Novice: 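The structure that follows is given in the form of C-alpha cells.
Counting starts at 1 for both ligands and their atoms, in listed order. Everything quoted here is computed from the prediction, not taken from an experiment. Throughout, numbering of the chain's residues begins at 1 and tracks the sequence.
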Amino acid sequence: MDYTIANTPGQTTTSALLKQLGADASELKAVWYAFPQACFVPAARFDDELTVTAPSLRTYGQEDCMCDALREVVGELRAADECTCTFGHEGGYQLHTILSDACTKKGQPSDLALIRDLAPAMSAHAMCDEGKAMANATLQALDLFANEIEPHFAKRQCPTSGCKAFQTYHILVSKCTGCGKCLEACEDGAIMGKARFVHVVDQRKCSQCNRCLEACPEGAVVTAGAKKPKTPPKPIPCKRK
Ligand code: SF4
Ligand code: SF4
C-alpha cells in the first residue's frame with residue numbers, strides 16, 4: 001500500500017512514521033521509501049533512526065513477494081528516468097527484464113549472477129540518480145531478501161504467494177459440494193469432477209483466469225503460493241451434504 005508523506009519529518013524511525021500514517025507496523029514485512037531516498041527497510045529495522053527524504057512510502061505484508069516488489073520499483077524508477085546513459089538506461093532495461101522473467105517463472109541461476117555483476121557497475125557508472133537508485137535498491141534487496149528472491153532464479157519458485165505466475169488453484173475437500181459450477185466456468189478444461197464429487201484442478205492446464213474462484217458459491221476454490229493445501233489427485237465423493 002502506498003502512503004504519501006505530506007510533511008517530510010526528517011530524522012525519525014520507520015515505526016514512528018508508520019504510526020503517524022495510520023499503518024499497522026506489526027503486520028508488515030518491509031517498507032520502500034520512494035526516490036530520491038530509494039531504499040528498502042525490513043521490519044527488523046523499523047526502530048532504527050533514519051532521515052526521511054522520500055515523498056511517499058510503500059508497505060509490504062507477509063504475503064507480498066520481495067522479488068516482485070523489487071521488479072516493481074525498478075520499473076517505476078526506469079519510467080521516471082529521462083537519462084539515456086548506458087548504465088542507467090540500458091542497465092535499467094536489463095535489470096527490469098531479468099526481474100520480470102524471474103517473477104513469471106522464467107528465471108535462471110545465471111540471471112542472478114548477471115544482476116549481481118550488473119548492479120555494482122550501474123551504481124558506479126550510471127550518470128543519472130535513478131540509474132544508481134535502481135542498482136542500489138537491487139543490491140540492497142538481494143542482501144535483505146535473499147531467501148525470497150534467490151529461489152525465483154535457482155528453483156523457479158516463489159516462497160510467498162506474491163507472484164501471480166506461481167499461484168496455483170485448489171479445491172478444498174471440506175467445502176466442495178460437487179455442484180459443478182467451477183467446471184462449467186473453466187474454459188481451459190482444467191477442472192475434473194462430476195456431480196457430488198469433490199472437483200480437482202489440473203495445474204498443467206490451468207491458465208490462472210480466476211473464473212472458478214468467482215463461480216464457486218461455497219468458497220471452496222482457493223489460491224496458494226509455496227504452501228499448498230492437501231487435495232486429492234482425482235475427484236472423490238463429497239463429504240459435504
Ligand atoms: S483458474 Fe481458470 S483455468 Fe484455472 S482451473 Fe480455475 S477456471 Fe480453470
Ligand atoms: S469447487 Fe465450488 S463450484 Fe466447484 S464443484 Fe465444488 S462447490 Fe461447486
Novice: Looking at S207, which atoms of ligand 1 are within less than 4.0 Å of one of its heavy atoms?
Specialist: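 Listed by number with element: 3 (S), 4 (Fe).
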Novice: Note the single closest protein heavy atom to atom 2 (Fe) of ligand 1, along with its residue, its atom name and the distance in Å.
Specialist: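 Among all protein heavy atoms, the one nearest atom 2 (Fe) of ligand 1 is C209 SG, 2.3 Å.
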Novice: For distances below 2.8 Å, what is the count of protein N, O or S atoms around atom 4 (Fe) of ligand 2?
Specialist: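 There are 1 of them.
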Novice: At what distance is the nearest protein heavy atom to atom 4 (Fe) of ligand 1, and which residue and atom is it?
Specialist: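 Looking at atom 4 (Fe) of ligand 1, the protein heavy atom closest to it is C206 SG, 2.3 Å.
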Novice: Is it true that R58 and D2 have a side-chain N and a carboxylate O under 4.0 angstrom from each other?
Specialist: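 So R58 pairs with D2 through a salt bridge.
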Novice: Just do the salt bridge (charged side-chain N to carboxylate O under 4.0 Å, His left out) check on D68 and R71 with the steps written out, would you?
Specialist: CA-CA 5 Å; D68 194 49; R71 176 203 58 76; 2.7 Å; yes
Novice: Which of the numbered atoms in ligand 1 are below 4.0 angstrom from a heavy atom of V201?
Specialist: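 It comes down to these atoms of ligand 1: 5 (S).
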Novice: Between W32 and F40, how do the two ring planes meet: parallel, tilted or perpendicular, split at 30° and 60°?
Specialist: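 Because their plane-to-plane angle lies in the 30° to 60° range, the rings of W32 and F40 count as tilted.
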Novice: May I ask you to say whether K132 pairs ionically with D129, meaning some side-chain N is under 4.0 Å from a carboxylate O?
Specialist: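 Not counted as a salt bridge, because no side-chain N and carboxylate O are separated by less than 4.0 Å.
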Novice: Compute whether any side-chain donor of one residue and acceptor of the other, for S56 and Y33, lie under 3.5 angstrom apart.
Specialist: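 Side-chain D/A pair, S56 to Y33: absent.
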Novice: Can you report which non-hydrogen protein atom sits closest to atom 8 (Fe) of ligand 1, along with the distance?
Specialist: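 Sorting protein heavy atoms by distance from atom 8 (Fe) of ligand 1 puts C186 SG, 2.4 Å first.
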Novice: Quick one: do K181 and E214 make a salt bridge, cutoff under 4.0 Å?
Specialist: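 Salt bridge absent between K181 and E214.
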Novice: Who pairs with E148 by salt bridge (Lys or Arg N to Asp or Glu O under 4.0 Å), at least two apart in sequence or on another chain?
Specialist: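 E148 satisfies salt bridge (Lys or Arg N to Asp or Glu O under 4.0 Å) with K29 only.
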Novice: Salt bridge or not for R211 and E187, using N-O below 4.0 Å?
Specialist: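 The answer is yes: the pair qualifies as a salt bridge.
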Novice: Please determine if R116 and E150 form a salt bridge, counting it only when a charged side-chain N lies under 4.0 Å from a carboxylate O.
Specialist: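 Counted as a salt bridge, because a side-chain N and a carboxylate O are separated by less than 4.0 Å.
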Novice: For ligand 1, which atoms, with element, lie under 4.0 Å from some heavy atom of N210?
Specialist: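 Taking each heavy atom of N210 in turn, ligand 1 has 1 (S), 2 (Fe) under 4.0 Å.
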